[in-house]
Engineer: 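Below you'll find the structure I mean.
The first residue of the sequence shown is numbered 1, and numbering continues consecutively from there.
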Amino acid sequence: MAAISRRTMLAGTGGLALGGLSAAALAGPAQADPIRRPGRSPVSIAYIEVNDNTLENVGRYTLDDGSAAFDVAVIFAANINYDGERAYLHLNENVQHVLDHADTIVRPLQELGIKVTLSVLGNHQGAGFANFPDAHAADRFAQEVATTVSRYGLDGVDLDDEWVEYGKNGTGMPNEHSFVELVESLRKYLPNKLITFYVIGPAAEHQVFEGRRVGDVVDYAWNPYYGAFRDLDVPGLPRSRYGAAAVDLRTGSTTTPELVGDFAERTLEGGYGALVTYQLQPSDQSDLVSAFTEPFHGSVAHYG
């Protein structure tokens with residue numbers, strides 16, 4: 001099934017350097033699950049494009065026991081930009097607003113048990129996760145991301161290799177080592193944070209370098225094609241850390257409770273670990289949310 005485009009281009013400011021840890025911190029999926037709460041499996045992800053939507057929507061859905069229906073809220077999105085010499089982290093005014101008001105926007109979600117992460121996305125400038133010229137450049141960008149995650153008290157980062165336009169502005173084309181080196185540096189600087197991978201773009205084609213695998217470092221990865229149930233290859237990552245189901249919750253989309261329910265059942269039957277949603281609306285969509293919370297957790301979703 002063809003992908004449903006979900007991107008509005010973004011822009012902003014960068015982070016600073018941060019100290020690192022030893023190579024022993026590079027274990028990813030071998031660690032305890034950083035998302036799953038006791039008795040909850042699979043997990044559910046909510047991408048919220050904050051240019052025209054509010055992150056608070058994610059916390060409005062609860063289960064019968066009062067717990068949050070969603071497990072992860074993703075701030076969509078920061079950017080990887082290029083200044084003519086190097087890649088840097090860029091935050092547009094809407095993303096910056098969310099981060100500047102983390103105490104009133106992010107913390108209430110975290111208090112409900114919801115992890116809040118920052119998506120990083122290409123921005124038509126040629127800088128991407130797959131074309132850092134060397135390990136030092138990848139490490140420097142990882143430091144900027146890690147500093148921002150730590151500064152604003154976020155729970156991790158999501159990597160989305162779209163809209164880069166590799167080669168633009170004199171940037172390099174994708175190479176074999178760049179993405180692996182980036183995720184290894186991110187794990188070094190964010191040993192106890194969540195690192196997730198939206199499996200798309202040249203980064204998805206360069207997941208192994210000299211025996212080192214992205215799937216051994218990231219915590220979760222998922223299908224980027226909304227309206228589709230699709231298993232993609234992430235070497236080293238078990239199914240229990242992969243989401244094959246992805247649904248679009250925008251007003252006017254063709255997503256139905258029946259489709260979501262079917263994807264939820266297939267997620268359970270296949271032993272997959274996550275279901276991804278995009279652009280949860282401020283109106284009551286409890287019928288669509290309940291379509292996965294009932295099979296996953298035995299409870300309808302309540303909107304309030």
Engineer: Could you tell me whether D284 and R60 make a salt bridge, using a distance below 4.0 angstrom between a side-chain N and a carboxylate O?
Structural biologist: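 Salt bridge flag = no for R60 with D284.
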Engineer: Apply side chain to side chain contact (heavy atoms under 4.5 Å, CB included) to the pair L190 and S150, showing each step before the final yes or no.
Structural biologist: CA-CA 9 Å; L190 298 171; S150 299; 4.3 Å; yes
Engineer: Check the orientation of F70 and F292. Use parallel for under 30°, tilted for 30 to 60°, and perpendicular for over 60°.
Structural biologist: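 Perpendicular, since the angle between the ring planes exceeds 60°.
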Engineer: Measure the acute angle between the ring planes of F129 and F141, then classify it against the limits of 30° and 60° as parallel, tilted or perpendicular.
Structural biologist: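 Answer is tilted, since the angle falls between 30° and 60°.
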Engineer: Looking only at side-chain N and O atoms, does E165 offer a donor or acceptor that is under 3.5 Å from a partner on H124?
Structural biologist: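 Checked: H124/E165 side chains pair up, N/O donor to acceptor below 3.5 Å.
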Engineer: Is it true that a side-chain atom of N57 and a backbone atom of T54 form a donor plus acceptor pair closer than 3.5 Å?
Structural biologist: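 Side chain of N57 to backbone of T54, a donor-acceptor pair under 3.5 Å: yes, one is there.
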Engineer: Please say which of W222, Y242, F179 ends up in a ring pair (Phe, Tyr, Trp, His ring centres under 6.0 Å) with F197.
Structural biologist: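 Output: one option passes, namely F179.
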Engineer: Establish whether L112 and Y303 are linked, either directly or via other cluster members, by ILVMFWY side-chain heavy-atom contacts under 4.5 Å.
Structural biologist: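 L112 clusters together with Y303.
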Engineer: What I want to check is whether the side chains of H177 and D134 have a donor and an acceptor closer together than 3.5 Å.
Structural biologist: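 Side chains of H177 and D134: no pair found under 3.5 Å.
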Engineer: Output yes when a side-chain donor or acceptor of Q279 lies under 3.5 Å from a complementary backbone atom of T251, and no otherwise.
Structural biologist: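 No; zero donor-acceptor contacts below 3.5 Å.
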Engineer: Using the rule that two of Ile, Leu, Val, Met, Phe, Trp, Tyr join whenever any of their side-chain heavy atoms come within less than 4.5 Å, decide whether V214 and V208 are in one cluster.
Structural biologist: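 In one cluster: no.
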Engineer: If you group Ile, Leu, Val, Met, Phe, Trp and Tyr by side-chain heavy-atom gaps below 4.5 Å, do V300 and L280 land in one group?
Structural biologist: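 Different clusters.
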Engineer: State whether the side chain of N131 and the backbone N or O of G126 hold a donor-acceptor pair below 3.5 Å, judged by distance alone.
Structural biologist: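 Yes, because the side chain of N131 sits within donor-acceptor range (under 3.5 Å) of the backbone of G126.
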Engineer: For residues H90 and N81, report the shortest heavy-atom separation together with the two atoms involved.
Structural biologist: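 Between these two residues, the closest heavy atoms are CG-ND2, 3.0 Å.
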Engineer: Residues in side-chain contact (heavy atoms from CB on, under 4.5 Å) with E265, at least two apart?
Structural biologist: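 side-chain contact (heavy atoms from CB on, under 4.5 Å) check on E265 returns L268, E269, P295.
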Engineer: With a 4.5 Å cut-off on side-chain heavy-atom distances among I, L, V, M, F, W and Y, is there a chain of contacts connecting L63 to V58?
Structural biologist: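 Each belongs to a different hydrophobic cluster.
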Engineer: Pair V218, L237 - check side chain to side chain contact (heavy atoms under 4.5 Å, CB included), show working.
Structural biologist: CA-CA 8 Å; V218 301; L237 194 74; 4.2 Å; yes
Engineer: What distance do L121 atom CG and I80 atom CD1 have between them, rounded to the nearest 0.5 Å?
Structural biologist: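 Result: 10.0 Å between the selected atoms.
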Engineer: Does this structure show an ion pair linking R266 with D231, if we count only N-O contacts that are shorter than 4.0 Å?
Structural biologist: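 Salt bridge absent between R266 and D231.
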Engineer: Locate the shortest heavy-atom distance separating L249 from Q285; write the atom from each residue and the value.
Structural biologist: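 Minimum heavy-atom separation between L249 and Q285: O-NE2, 2.8 Å.
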Engineer: Taking it one step at a time, do I45 and L275 satisfy side chain to side chain contact (heavy atoms under 4.5 Å, CB included)?
Structural biologist: CA-CA 6 Å; I45 317 302; L275 181 147; over 6 Å; no
Engineer: Tell me whether Q207 contacts the main-chain N or O of D233 through its side chain, where contact means a donor paired with an acceptor under 3.5 Å.
Structural biologist: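 Checking the backbone N and O of D233 against the side chain of Q207, a donor-acceptor pair under 3.5 Å is found.
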Engineer: Do R36 and Y220 have side-chain N/O donor and acceptor atoms under 3.5 Å apart?
Structural biologist: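 Note: R36 and Y220 side chains meet the donor-acceptor criterion.
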Engineer: Atom CD1 in I195, atom CG in D155: separation rounded to 0.5 Å?
Structural biologist: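 Here the rounded value is 12.5 Å.
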Engineer: May I ask you to test the V145-L186 pair for a side-chain heavy-atom distance under 4.5 Å?
Structural biologist: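 They are in contact (side-chain heavy atoms under 4.5 Å apart), so the answer is yes.
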Engineer: Assess whether a salt bridge exists between R86 and E144, defined as any Lys/Arg side-chain N lying under 4.0 Å from an Asp/Glu carboxylate O.
Structural biologist: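 The answer is yes: the pair qualifies as a salt bridge.
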Engineer: Is the shortest heavy-atom distance from the side chain of V72 to the side chain of T117 under 4.5 Å?
Structural biologist: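 Yes, close enough: below the 4.5 Å cut-off.
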Engineer: Taking the side chain from Y198 and the backbone from P224, do they hold a donor-acceptor pair closer than 3.5 Å?
Structural biologist: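 Here the side-chain-to-backbone pair exists.
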Engineer: Can you confirm whether T148 sits close enough to L99 that some side-chain heavy atom of one is under 4.5 Å from a side-chain heavy atom of the other?
Structural biologist: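 Touching, per the 4.5 Å side-chain cut-off.
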Engineer: Which heavy atom of L194 sits nearest a heavy atom of P34, and at what distance?
Structural biologist: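 For L194 and P34, the tightest heavy-atom pair comes out as CD1-CG, 3.5 Å.
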Engineer: Return yes when atom CD of Q281 has more than 12 non-hydrogen atoms of other residues, nucleotides or ligands closer than 6.0 Å, and no otherwise.
Structural biologist: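 Result for CD/Q281: enclosed.
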Engineer: Is the Y272-F229 ring centre distance short of 6.0 angstrom?
Structural biologist: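 Yes; F229 has its ring centre under 6.0 Å from that of Y272.
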Engineer: Go through the side-chain N and O atoms of S67 and D65 and say whether any donor and acceptor fall under 3.5 Å apart.
Structural biologist: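 Yes.
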Engineer: What are the two closest non-hydrogen atoms of A87 and A127, and how far apart are they?
Structural biologist: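 Looking at all heavy atoms of both residues, the closest pair is CB-CB, 3.9 Å.
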Engineer: How far apart are the C-alpha atoms of L182 and F132, what are their side-chain angles, what is the distance that settles it, and do they pass the side chain to side chain contact (heavy atoms under 4.5 Å, CB included) test?
Structural biologist: CA-CA 8 Å; L182 173 66; F132 290 108; 4.0 Å; yes
Engineer: Identify which one of V276, I200, D248 satisfies the side chain to side chain contact (heavy atoms under 4.5 Å, CB included) criterion when paired with Y225.
Structural biologist: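 Per the side chain to side chain contact (heavy atoms under 4.5 Å, CB included) rule, the option paired with Y225 is I200, out of V276, I200, D248.
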Engineer: What distance do S240 atom OG and D33 atom CG have between them, rounded to the nearest 0.5 Å?
Structural biologist: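 Atom-to-atom, S240:OG and D33:CG are 7.5 Å apart.
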Engineer: To the closest 0.5 Å, what do you measure between CG (L288) and OG (S253)?
Structural biologist: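 Reported to 0.5 Å precision, the distance equals 7.5 Å.
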Engineer: For H97, is there any backbone N or O sitting under 3.5 Å from a side-chain donor or acceptor partner on H101?
Structural biologist: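 Looks like yes, one N/O pair under 3.5 Å.
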Engineer: So which atom in A274 and which in P42 form the shortest heavy-atom distance, rounded to 0.1 Å?
Structural biologist: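 Smallest interatomic distance, heavy atoms only, reads N-CB, 3.8 Å.
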Engineer: What's the shortest heavy-atom distance between A301 and T293, and which atoms?
Structural biologist: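 Closest pair (atom of A301, atom of T293, distance): N-OG1, 3.6 Å.
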Engineer: If we ignore hydrogens and angles and just use 3.5 Å, is the side chain of R239 paired with the main-chain N or O of G270 as donor and acceptor?
Structural biologist: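 Pair found, side chain donor or acceptor close to backbone of G270.
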Engineer: Evaluate the side-chain proximity of Y152 to Q96: yes if any heavy-atom separation is below 4.5 Å, no if none is.
Structural biologist: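 The answer is yes; the side chains approach within 4.5 Å.
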Engineer: Can D219 and K193 be counted as an ion pair, charged N to O under 4.0 angstrom?
Structural biologist: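 Not counted as a salt bridge, because no side-chain N and carboxylate O are separated by less than 4.0 Å.
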Engineer: Has R187 got a side-chain atom pairing as donor or acceptor with V217's backbone, closer than 3.5 angstrom?
Structural biologist: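 The answer is yes, because a donor-acceptor pair under 3.5 Å joins these two groups.
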Engineer: Using atom types as modelled and distance alone, determine if a side-chain donor or acceptor of S119 lies under 3.5 Å from a backbone N or O of D160.
Structural biologist: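 Flag not set: sc S119 to bb D160 has no pair under 3.5 Å.
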Engineer: Begin with the C-alpha distance, continue with both residues' side-chain angles, and end with the deciding distance and a verdict on side-chain hydrogen bond (donor to acceptor under 3.5 Å, both in side chains) for Q143 and R140.
Structural biologist: CA-CA 5 Å; Q143 288 180 24; R140 181 172 56 194; over 6 Å; no
Engineer: When rounded to the nearest 0.5 angstrom, what is the spacing between CD in E181 and NZ in K188?
Structural biologist: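 Going from the CD atom of E181 to the NZ atom of K188 covers 10.5 Å.
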Engineer: Measuring from I114:CD1 to Y61:OH, what's the distance to the nearest 0.5 Å?
Structural biologist: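 The distance works out to 12.0 Å.
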Engineer: Treating Ile, Leu, Val, Met, Phe, Trp and Tyr as nodes and any side-chain heavy-atom pair under 4.5 angstrom as an edge, say whether Y82 and V120 lie in one connected cluster.
Structural biologist: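 Per the 4.5 Å side-chain linkage, Y82 and V120 are not co-clustered.
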Engineer: Please walk me through it: do D71 and R40 pass salt bridge (Lys or Arg N to Asp or Glu O under 4.0 Å)?
Structural biologist: CA-CA 9 Å; D71 298 285; R40 294 174 66 99; 3.0 Å; yes
Engineer: Quick one, L55 and L109 - any side-chain contact, counting heavy atoms below 4.5 Å?
Structural biologist: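 Contact flag for L55/L109 side chains = yes.
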Engineer: Please identify each residue that fulfils side-chain hydrogen bond (donor to acceptor under 3.5 Å, both in side chains) with D161, with sequence neighbours left out.
Structural biologist: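 D161: side-chain hydrogen bond (donor to acceptor under 3.5 Å, both in side chains) contacts with Y166.
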Engineer: With distance as the sole test, does E294 use its side chain to make a donor-acceptor pair with the main-chain N or O of S299 at under 3.5 Å?
Structural biologist: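 Here the side-chain-to-backbone pair does not exist.
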Engineer: Parallel, tilted or perpendicular: which one describes the rings of Y278 and F76, with boundaries at 30° and 60°?
Structural biologist: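 Judged by the thresholds at 30° and 60°, the geometry between Y278 and F76 is perpendicular.
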